[in-house]
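In what follows, every heavy atom counts, from backbone to side chain, and hydrogens, waters and symmetry copies are set aside. First listed ligand is number 1; within each ligand, the first listed atom is number 1. Everything quoted here is computed from the prediction, not taken from an experiment.
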Amino acid sequence: MDINFQLPNKQACLDQLTKLGIDYIAHHHDPVPTMEEVVKIKVEDGTAYVKNLLYVDKKSNYYLILANNATQVGKLFWKTLGLASGNMRLSKEEQIAEALKSSKGNVNPFAVANDTNNLVKNIIIDEELTKYKRLALHPIENTTTVEISLDDLQNKFLKVLNRQFTVLQLTDAAAEQKLEQQKEQQKELQKDQQKDQQNQQTLAITVKKSDFSEWYQQVIRKAELIEYYDVSGCYILRPWAYFIWEQIQRYFDDLIRTEEVENTYFPMFLSAKHLNKEKEHVEGFKAEVAWVTKYGESDLNEPLAIRPTSETIMYPAFAKWVQSHRDLPLKVNQWTNIVRWEFKFPTPFIRTREFLWQEGHTAHSTREEAVKQVYTILDFYEQVYGELLAVPVIKGIKTESEKFAGGDFTTTVETIIPQNGRGLQGATSHHLGQNFSKMFEINFEDDKKQKAFAWQTSWGLTTRSIGAMIMFHGDDKGLVLPPRIAKYQIVIIPIIHKDLDEKQLNERCEQIRQILVKLKLRVHLDSRDNYSPGWKFNKWEQKGVPIRLEIGPGEFKNNEVRVVQRFDNKKYQIKFEELNQLTQILDNIHNAMLDKARTELNQRIKQADNWKEFMSQLNQRNTILTRWCERQECEKEVKTKSGIESKEKDSEIDGQVQLTGSAKTLCMPLKQDQVKEGELCFNCGQQAKKYVLWGRSY
Ligand code: 87F
């Protein structure tokens, strides 16, 4: 094929299009030199009017921009190309002639064929244009308009000219967002690198817990829970962390088995058609869905989304499985990874782009049964937090604005991080009503042979729970693990001494280890001879092991061990014969940790009767329980007002920098007093209906 063609006029251009096998629709008309006139030409539905802009920089490099007519072309997108917008000017008549051998009002991508000196360095396509079926363009001269697809322009026309184009968002708002993202990722990477260096230099945690976010970053690395990874928002869970997740899995699996929930596995990919089946609930989340668009070098025929949750994957199968009321209840659960492409700043465990979770989905023949299921699961979540992670939670119901939009109501376990008073949603259990069953036709014949739609629930718990545990229990020395999730509940450390035969000491330690293993305790004997006892104490303290047993000359002689408790640093001796008490001691530690955590949580909940008290508590890093009218507008107003007012108070109080950010509702606690007639909403003064907990949140 001749790739050296030039297009001096429109006939040459139309001929060339035909030669290249490009399907086009042509309209002939009077000259239309301005966009105002262009848009008067009637084109097919789904065709975009295109603004063609030829820019030039100081070095006579040209840039051709094809923008949708409606796009406000900004300046910032130049930066994403690594160019300075200050250097860019719209080209003048003689410059258009120089680059395209064309004239004002006749700038178009076909004229690139005339750029024999390769002056046009880049062709930039407005991302908006990718949404249209065809583009309206002039074949060299503006007395004709042709409608051709972007695909043909790219793959049939520009390709033979050996030209490529760049698709970009051209508005300043879009470009700004993109630049922000790039900056953020850069910053994060730098921070990680700095941290890596620091970590290699120092062993101990260099800050106190009061320097909370730095402390958290150090604890998770030094306790060997997390390793950083070079995809922003994704982290490596090391064995010390993954073991905790396995404990959560075991515990929760045992609980849901009592409810006859069965484990399954559904695929992780879903097509756009699938995802959009239930449009309403997906709408608000769309921006976070990640897509696979390629295999090898080729484009997939149909892009595939990576599951952000599995409703639309599971429910078509549910529809097949549910025929009669005898097929109900249907109860499935799966343990999987999930991908949500968040743009808020990531925090390991707490907010990550990929995370692990369980998602449970049930279908029932009656509403009552489904509601009961919702609350049973909520109790299980409370147990996971309390009994396993020693983290206290508040069970509650989400307000209408905070609930899962696809369901009827959302229940939640919320906790509050004592260091900063931020609310953190621990897990949710939704009553979906019949919303999804109607959409996906999950129906059955009831016992009276009537067709009925199933009542559904869904519920999820994620690796975020581990983040909450770390934040609650860690201290200045590092991680503090509640005994039931610790990979090692006890470490034994022999203390070598000149008066003691090393072999005998090690044998004694091994003997103790075996006794503890028989008691079904998770125990580790650290007999490494290249580290000192002091180094080992620090190491295992940092990693949060609940109990350290020291055996030195005194202990050896008296048939004792020295017990050191991690969470309160209590130290005492126990006799060899009393080693079986350790099971009870670990339980006591768990209970003491939970009690302490509950006290700290309660200290972060204050009551307020009016706006002034509310803001004052919020600015002292508390969550606030108030009477509330339950109106969505009122909730919105509180959110906005608190955001504005807390920004104004972004200063130091008692030497501490106050947090900024608006307050939202965390939940309406299940346990609450009845609001009486005449008791008013703290914000708007209307009759209150419920107590609701507000706070800044993660
Ligand atoms: C992100 C992208 C697409 C949350 C999303 O809470 C969809 C969604 O549906 C989405 N983020 N959600 C809500 C998830 C609801 C529900 N799913 C089952 C749960 C628990 C487990």
Side-chain angles (χ1 to χ4, degrees), residues 233 248-249 252 256 261 263-266 268-292 303-318 330-344 346 350-363 370 373-378 380-381 384 396-414 424-433 435-437 439-440 442 456-465 666-667 697-698:
I248 294 173
Q249 289 183 315
F252 189 72
I256 59 177
V261 177
N263 278 331
T264 55
Y265 187 79
F266 283 74
M268 74 182 305
F269 294 119
L270 64 162
S271 63
K273 197 175 83 221
H274 254 94
L275 187 68
N276 289 328
K277 171 114 198 210
E278 210 284 320
K279 268 222 164 83
E280 211 177 296
H281 107 264
V282 172
E283 207 48 51
F285 299 119
K286 242 185 175 161
E288 289 178 8
V289 177
W291 294 86
V292 177
L304 295 171
I306 304 172
R307 69 175 155 230
T309 180
S310 303
E311 279 78 359
T312 55
I313 302 174
M314 289 184 166
Y315 296 167
F318 279 26
L330 170 64
K331 302 187 183 189
V332 300
N333 178 66
Q334 63 177 8
W335 295 94
T336 71
N337 60 340
I338 285 291
V339 172
R340 293 180 187 168
W341 217 251
E342 298 250 14
F343 279 106
K344 288 194 191 153
I350 300 294
R351 190 188 295 119
T352 59
R353 285 181 169 169
E354 181 185 2
F355 57 85
L356 304 180
W357 79 347
Q358 63 65 221
E359 57 178 318
H361 296 260
T362 69
Q373 186 72 82
V374 167
Y375 286 105
T376 304
I377 296 295
L378 194 68
F380 290 170
Y381 287 149
V384 169
I397 301 183
K398 287 281 186 190
T399 62
E400 276 302 297
S401 358
E402 294 292 336
K403 76 169 191 188
F404 171 40
D408 274 9
F409 66 87
T410 292
T411 67
T412 174
V413 288
E414 299 281 328
L424 187 127
Q425 180 177 301
T428 51
S429 176
H430 310 284
H431 177 74
L432 303 178
N435 303 347
F436 283 93
S437 65
M439 201 71 69
F440 287 87
I442 307 171
Q456 291 181 268
T457 80
S458 79
W459 22 278
L461 168 77
T462 79
T463 32
R464 174 179 249 215
S465 51
L666 304 177
C667 71
S697 70
Y698 271 100

Checklist outcome for this item: Closest to atom 6 (O) of ligand 1 among protein heavy atoms sits His430 NE2, 2.7 Å
Item to check | Phe404 six-ring centre to Lys398 NZ/CZ under 6.0 Å and within 45° of normal | outcome: no
Checklist entry - When only distance counts, is Thr309 in polar contact with ligand 1, meaning an N/O pair under 3.5 Å? => result yes
Checklist entry - Atoms of ligand 1 less than 4.0 Å from Trp357 heavy atoms? => result 18 (C), 21 (C)
Checklist entry - Among protein heavy atoms, which lies nearest atom 13 (C) of ligand 1, and at what distance? => result Phe404 CE1, 3.5 Å
Checklist entry - Is the backbone N or O of His274 less than 3.5 Å from a side-chain atom of Ser271, with the two atoms forming a donor-acceptor pair by type? => result yes
Checklist entry - Can you list the ligand 1 atoms lying under 4.0 Å from a non-hydrogen atom of Pro308? => result 1 (C), 2 (C), 3 (C), 7 (C)
Checklist entry - Parallel, tilted or perpendicular for Phe318 and Tyr315, by the 30°/60° rule? => result tilted
Checklist entry - Any idea which atoms of ligand 1 are less than 4.0 Å away from a heavy-atom of Thr428? => result 6 (O)
Item to check | For the student: nearest non-hydrogen atoms of Asn435 and Gly406, plus distance | outcome: ND2-O, 3.0 Å
Item to check | Reported CD-to-OG distance for the pair Glu359 and Ser310, which is rounded to 0.5 angstrom | outcome: 3.5 Å
Checklist entry - Quick one: is the NZ or CZ of Arg307 closer than 6.0 Å to the six-membered ring centre of Phe266, and within 45° of its axis? => result no
Checklist entry - So which heavy atom in the protein is nearest atom 16 (C) of ligand 1, and how far is it from that ligand atom? => result Glu311 OE2, 3.3 Å
Checklist outcome for this item: Note: ligand 1 atoms sitting under 4.0 Å from heavy atoms of Arg340 are 1 (C), 4 (C), 5 (C), 11 (N), 12 (N), 14 (C)
Item to check | For Gly460, atoms of ligand 1 separated by under 4.0 Å from a heavy atom | outcome: 20 (C), 21 (C)
Next on the checklist: I'd like to know if Val282 contacts ligand 1, where contact means a heavy-atom distance under 4.0 Å to any ligand atom.
Outcome noted: no
Checklist entry - Heavy-atom contacts under 4.0 Å between Lys286 and ligand 1: side chain, backbone, both, or neither? => result neither
Checklist entry - Which of parallel (below 30°), tilted (30 to 60°) and perpendicular (above 60°) describes Phe409 and His431? => result parallel
Checklist entry - So which protein heavy atom does atom 2 (C) of ligand 1 come closest to, and at what separation? => result Phe285 CB, 3.1 Å
Next on the checklist: Determine whether a donor-acceptor pair (N or O, by modelled atom type, separation under 3.5 Å) exists between the side chain of Arg353 and the backbone of Trp341.
Outcome noted: no
